[in-house]
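What follows is one structure encoded as structure tokens, with my remarks underneath.
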Amino acid sequence: MMKKVFLGLAISALIGLPVLAALKAGDMAPDFAAKASLAGKEFNFSLQDALKKGPVVVYFYPSAYTKGCDLEAHTFAEQKDKFDAAGATIIGVSADSIARLDAFSADPSYCAGKFPVASDADHSIATSYNLNTTTAKPDATDVRGDMIGHDFIERTTFVIGKNHKIIATFSSKDDKLMPDQHVEKSLEIVQQLASK
């Protein structure tokens, strides 16, 4: 009898826990505006304004100046002309401070001044897309040896259509994608959209 009561309580407790799952294809993408940096110059990025021009690839990543994120940014920069040809905008989003992103966005080894990255220091954008964040270890440093000092947003990419609907969602955790594969998959999707 006690086992049944305990099992019932355990199941009730699990049901009561919020389960975060990233927004999926077909969901409406939450609008957001954020302080962003392009080639080291700060500006206010607006998803609503970007969508007026065409589809937008919103990619969330854990931290500037970390190996996987550096590879992803560099790959997006290398492929930027192809995204432009498909009429698509790229915006990277992390919990990095805008000061870190000013350097990262201009660095020729990473964003190379080709696309903007936005600061989501309070996680409000990540939360609106149902993304999880994890706390960085207190002594975590980046590839430059600098302290990271912010939480990590899970690596997830959204391709959003002009109508604000999410066309595709993929994550490193759920889809077992390497950082550069986020670029390949999102490019494939925007190119398909452009060919219709």
Side-chain angles (χ1 to χ4, degrees), residues 32-47 50 53 55-123 125-126 129 131 133-137 139-160 169-173 175-191:
F32 66 88
K35 180 73 78 181
S37 184
L38 175 62
K41 293 180 176 51
E42 294 176 23
F43 73 103
N44 290 316
F45 176 87
S46 161
L47 178 64
K53 301 176 214 154
V56 177
V57 175
V58 180
Y59 84 94
F60 291 86
Y61 61 99
S63 180
Y65 296 110
T66 57
K67 288 183 182 175
C69 300
D70 297 350
L71 172 64
E72 188 172 22
H74 181 74
T75 309
F76 267 117
E78 285 183 324
Q79 300 297 327
K80 174 69 166 55
D81 291 345
K82 293 178 183 174
F83 282 92
D84 289 347
T89 300
I90 303 163
I91 180 76
V93 181
S94 71
D96 285 285
S97 69
I98 195 66
R100 277 176 62 90
L101 294 178
D102 284 342
F104 190 63
S105 71
D107 195 314
S109 297
Y110 308 115
C111 301
K114 294 195 175 186
F115 66 92
V117 281
S119 176
D120 185 22
D122 66 359
H123 314 153
I125 304 167
Y129 281 77
L131 298 179
T133 57
T134 55
T135 304
K137 292 178 183 163
D139 57 349
T141 57
D142 63 22
V143 295
R144 304 170 302 171
D146 293 344
M147 295 299 290
I148 291 177
H150 62 80
D151 294 340
F152 295 150
I153 300 171
E154 65 179 300
R155 188 182 315 281
T156 308
T157 301
F158 298 88
V159 180
I160 303 167
T169 302
F170 30 90
S171 79
S172 287
K173 183 181 78 174
D175 301 313
K176 310 293 186 245
L177 296 177
M178 298 300 294
D180 54 336
Q181 291 175 308
H182 284 254
V183 181
E184 294 164 18
K185 285 183 73 72
S186 54
L187 179 58
E188 192 177 296
I189 290 165
V190 297
Q191 287 175 331

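As the structure is a prediction and not an experimental result, all values here were calculated from the model.
Among residues at least two apart or in separate chains, salt bridge (charged side-chain N to carboxylate O under 4.0 Å, His left out) pairs with a member in residues 58-76 are Glu72-Arg155.
Looking at Ser94 and Leu101, their side chains come closer than 4.5 Å, going by heavy atoms from C-beta outward. Residues Ile91 and Val117 are not in side-chain contact: their nearest non-hydrogen atoms beyond the backbone lie 4.5 Å or more apart. Counting heavy atoms from C-beta on, the side chains of Val159 and Ser186 come closer than 4.5 Å. Between Leu187 and Phe83 there is a side-chain heavy-atom pair separated by less than 4.5 Å. Counting heavy atoms from C-beta outward, Ile148 and Ser63 have side chains that approach closer than 4.5 Å. Thr157 places none of its side-chain heavy atoms less than 4.5 Å from the side chain of Val58.
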**Message:** Before you tell me yes or no, could you show the steps for Ser171 and Thr156 under side chain to side chain donor-acceptor pair (under 3.5 Å), namely the whole-Å CA-CA distance, both residues' side-chain angles and the distance that decides it to 0.1 Å?
**Reply:** CA-CA 4 Å; Ser171 79; Thr156 308; 4.8 Å; no
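With rounding to the nearest 0.5 Å, the separation of NE2 in His182 from CG in Leu177 is 4.5 Å. In this structure, the separation between NZ on Lys137 and CE on Met147 is 12.5 Å, given to the nearest 0.5 Å. The NZ atom of Lys80 sits 6.0 Å away from atom CD1 of Ile90, with the distance rounded to the nearest 0.5 Å. If you take OG1 on Thr89 and CD1 on Ile160, they are separated by 10.5 Å, rounding to the nearest 0.5 Å. Rounded to the nearest 0.5 Å, atoms CD (Gln79) and NZ (Lys82) are 4.0 Å apart. Considering CG of Asp151 and OG1 of Thr133, their distance stands at 5.0 Å, rounded to 0.5 Å.
A ring-ring contact (aromatic ring centres under 6.0 Å, His included) with Tyr110 is found for one member of Phe115, Tyr65, Phe76 and no other, namely Tyr65.
Under the side chain to side chain donor-acceptor pair (under 3.5 Å) criterion, Thr66 pairs with no residue at all, not counting sequence neighbours. The ring pair (Phe, Tyr, Trp, His ring centres under 6.0 Å) check on Phe158 picks up Phe60, Tyr129, with sequence neighbours excluded. Listed by chain and number, the residues in a side chain to side chain contact (heavy atoms under 4.5 Å, CB included) with Ser46 are Gln48, Asp49 (sequence neighbours excluded). In this view, Asp175 satisfies the salt bridge (Lys or Arg N to Asp or Glu O under 4.0 Å) rule with no residue, not counting sequence neighbours. When the salt bridge (Lys or Arg N to Asp or Glu O under 4.0 Å) test is applied to Lys114, no partner is found at least two apart in sequence or on another chain. Here Phe45 pairs with Phe32 under the ring pair (Phe, Tyr, Trp, His ring centres under 6.0 Å) rule; sequence neighbours left out. Remark: Asp142 engages Arg100, Arg144 in a salt bridge (Lys or Arg N to Asp or Glu O under 4.0 Å) (not counting sequence neighbours). Remark: Tyr61 engages Tyr59 in a ring pair (Phe, Tyr, Trp, His ring centres under 6.0 Å) (not counting sequence neighbours). For the side chain to side chain contact (heavy atoms under 4.5 Å, CB included) test, residues two or more places apart in sequence or in another chain that qualify with Glu184 are Asp180, Gln181. A search for side chain to side chain contact (heavy atoms under 4.5 Å, CB included) contacts involving Lys53 returns nothing, not counting sequence neighbours. A search for side chain to side chain contact (heavy atoms under 4.5 Å, CB included) contacts involving Ala95 returns His123, His150, Ile153, not counting sequence neighbours.
Taking each heavy atom of Gly68 and Pro179 in turn, the nearest pair found is O-CB, 3.2 Å. Shown here for Asp120 and Ala126, the closest heavy-atom pair between the two residues is OD2-N, 2.8 Å. Contact record, Leu71 with Thr75: O-OG1, 2.7 Å, taken as the closest heavy-atom pair. Of all non-hydrogen atoms in Phe152 and Ala136, the two that sit nearest each other are CZ-CB, 3.8 Å. Taking both residues in full, the closest heavy atoms of Cys111 and Ala73 are given as SG-CB, 4.0 Å, listed atom of the first, atom of the second, then distance. Counting all heavy atoms, side chain and backbone alike, Ser37 lies closest to Ser105 at OG-OG, 2.9 Å.
Around the CE atom of Met178, the shell of radius 6.0 Å holds no more than 12 heavy atoms that belong to other residues, nucleotides or ligands.
Annotation: cation-pi pair Lys185/Phe170 present, NZ/CZ under 6.0 Å from the ring centroid and within 45° of its normal.
Side chains of Asp96 and Ser119: a donor-acceptor N/O pair is absent below 3.5 angstrom, by distance only. Under 3.5 Å, the side chains of His74 and Ser109 contain no donor-acceptor pair of N or O atoms.
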